[in-house]
Structure formats: C-alpha cells, structure tokens
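This report refers to the structure that appears directly beneath it.
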Amino acid sequence: MIHPFETLFAVPLECESCVKDISKALHQLPGILNVNADLAKQLVKIEGTGAAVAILETHNPDIVDPVRGLARIVQVSPKITIIDLTIRGLSPGTYTATVRAAGDISWGAASTGGVWEDARGQLGIIEVGPTGAGGILVDKPIEVWELIGRSVVVSKLEEGFTTNDPDTVVGVVARSAGVWENEKTVRESLVDTWLMLLIRIIVGMLLLRENYLG
C-alpha cells in the first residue's frame, strides 16, 4: 500500500477561477492525488504520493540512539527528484552520500552493494563541523520509484564499509507515511516548500493575467 502525504497551505485566492486554475495546474504534477481549494478560508489542501524517506542509522551496538539522519525525497517533475539529507551526532570531517544498489542493511552499509548506477547514485559531499551536524540539498534526474527499496549510505569511506563504524550511517528508501511530521533531524518540509512556491507562481500569473485583461 502506498501511503499518501497531506499538507495544507494558506494562499491568497481571488476568485473561483483562481481556485479552478490552481487545482488544474497541481493535478498535472506526478504523484498529486487530490487538491482541495477553499476560497472562503483561503486554504489549499494537497494530497500526493511522490515522496519517500530513508531514516539513517549507525549499526554500532555501543550507541544508544542509533538514528543519525534522515533523507527526504520528493519528486517535483516527471524526471527530477529533490533529496534533502541531514545528519547529526557524527564526528567532524568530510562525508560522502550515495545511493547503493541493494537495500540489504543486515550488516549495515557493508551489505548494501556498490553505488547505484555510478553518477546517478552519487548524492554529494557533506561537511560535518564541530556540532556533529551537516546536510545537503540536491536535485537528481531520477524518479522516486527507482529509489524505493535501495539504500542510502553516508560515510567518511567511499567503499570498504565495516558494520560497527559509528560514523557510517545507512537506511533503506521507503515510501513516506507521515514523514513530514518527523522532527528528529528534519529541517523545513521540502514538499511544502516546493508546492508553496508553485502555488504562489500560479497565483501570481493569474493576477497578472486578470490585471492585463481587466
């Protein structure tokens, strides 16, 4: 079962025509299931499925709280996916974030296989400072469904992972279910950011059109 996300926006809506145009534009995005715009309350509620998540954990048995990060994945167009990856509680240094070919984390990162499709699986470099926190925000020419069931690894090592390394974290990519409410390591919700931007662009274009024609 694919669990949808639901999010609510306060949007300046001018008329019923704006409501219809916003709903039509948003329905054209992949993964959008339902759009409900309320002109009286100036609210837009959106439900969709184009999102996934990987909770990143260390497999070192001596660490009480193994959760060290979160990768939030949102598809924003037919071929573009945004990945927001945040980590915490790691030692300072330079880390490499990758998507691995397999989702087997029974031995931590050591059992995840090689980097998925070379360049497509390279997410980027994360610099972790004295606070132990870091993150990256990247867009990749991939679709969410291609990542489901694979794994994300963040480590100072590029290969040759060991199971007990406290500074290597790994998680399996899964369809998100309520992930936007998870505040363990989350910054602002990407899906909210991108949809809000899109809504405001549509509203702006509608107002310009009305001013031009009126």
Side-chain angles (χ1 to χ4, degrees), residues 2-5 7 25-26 28-33 46 48-57 67-88 90 93-105 108-109 111-128 133-159 161 167-180 182 184-199 201:
I2 298 176
H3 299 276
F5 65 82
T7 188
L26 290 174
Q28 294 175 4
L29 292 175
I32 298 298
L33 299 178
I46 299 171
T49 60
V53 62
I55 297 175
L56 306 174
E57 299 180 291
V67 177
R68 288 289 181 264
L70 188 70
R72 300 196 303 168
I73 304 163
V74 179
Q75 187 169 336
V76 295
S77 75
K79 292 294 181 180
I80 295 295
T81 293
I82 301 291
I83 300 171
D84 181 22
L85 195 158
T86 56
I87 52 177
R88 64 171 187 181
L90 301 182
T94 300
Y95 290 75
T96 300
T98 56
V99 176
R100 316 302 290 193
D104 179 6
I105 60 172
S111 52
T112 58
V115 177
W116 173 62
E117 293 195 4
D118 298 322
R120 297 184 82 205
Q122 296 285 351
L123 300 183
I125 300 298
I126 302 176
E127 296 293 341
V128 174
I136 54 173
L137 178 65
V138 297
D139 60 274
K140 303 288 289 185
I142 53 182
E143 297 178 64
V144 165
W145 69 265
E146 296 181 274
L147 302 179
I148 303 298
R150 305 191 190 280
S151 57
V152 173
V153 171
V154 178
S155 177
K156 290 181 177 179
L157 304 172
E158 294 187 12
E159 298 292 344
F161 308 118
D167 287 323
T168 294
V169 294
V170 59
V172 176
V173 179
R175 289 281 185 182
S176 63
V179 64
W180 315 121
N182 185 332
K184 288 181 179 177
T185 56
V186 179
R187 298 196 301 253
E188 183 181 9
S189 169
L190 269 181
V191 67
D192 288 356
T193 302
W194 281 91
L195 286 175
M196 190 69 247
L197 176 61
L198 178 60
I199 291 172
I201 290 173

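Side-chain atoms are counted along with the backbone in the values below, which use heavy atoms only and exclude waters and symmetry mates.
- In terms of heavy-atom proximity, D167 sits nearest to Y95 at O-CE2, 3.2 Å.
- Residues satisfying the salt bridge (charged side-chain N to carboxylate O under 4.0 Å, His left out) criterion with E57, sequence neighbours excluded, are absent altogether.
- The shortest heavy-atom contact between I142 and T81 is O-OG1, 2.7 Å.
- Legend: residues meeting side-chain hydrogen bond (donor to acceptor under 3.5 Å, both in side chains) with T112, ordered by chain and number and at least two apart, are absent.
- With sequence neighbours left out, the side chain to side chain contact (heavy atoms under 4.5 Å, CB included) criterion links V115 to T98, R100, Q122, E159.
- The two atoms that bring I126 and A97 nearest to each other are CD1-CB, 4.2 Å, heavy atoms only.
- Qualifying salt bridge (charged side-chain N to carboxylate O under 4.0 Å, His left out) partners for E146, counting only residues two or more places apart in sequence or in other chains: R120.
- Between R72 and D84 there is a side-chain heavy-atom pair separated by less than 4.5 Å.
- I148 meets the side chain to side chain contact (heavy atoms under 4.5 Å, CB included) test with A52, V144, V173, R175; sequence neighbours excluded.
- Within 6.0 Å of atom CD in E127, more than 12 heavy atoms from other residues, nucleotides or ligands are found, so the atom counts as buried in its surroundings.
- Residues that satisfy the side-chain hydrogen bond (donor to acceptor under 3.5 Å, both in side chains) test with D104, not counting sequence neighbours, are S106.
- With rounding to the nearest 0.5 Å, the separation of CD1 in I87 from CG in L70 is 12.0 Å.
- Evaluation of the side chain to side chain contact (heavy atoms under 4.5 Å, CB included) rule for A71 yields A54, L85 as partners, not counting sequence neighbours.
- To the nearest 0.5 Å, atom CD1 of residue I83 and atom CD1 of residue I73 are 5.0 Å apart.
- Annotation: the span from S155 atom OG to L90 atom CG amounts to 9.5 Å, rounded to 0.5 Å.
- Under the rule for a side-chain hydrogen bond (donor to acceptor under 3.5 Å, both in side chains), S111 has no partner lying at least two apart in sequence or in another chain.
- Between A109 and V170, the shortest heavy-atom distance links the atoms N-CG1, 3.8 Å.
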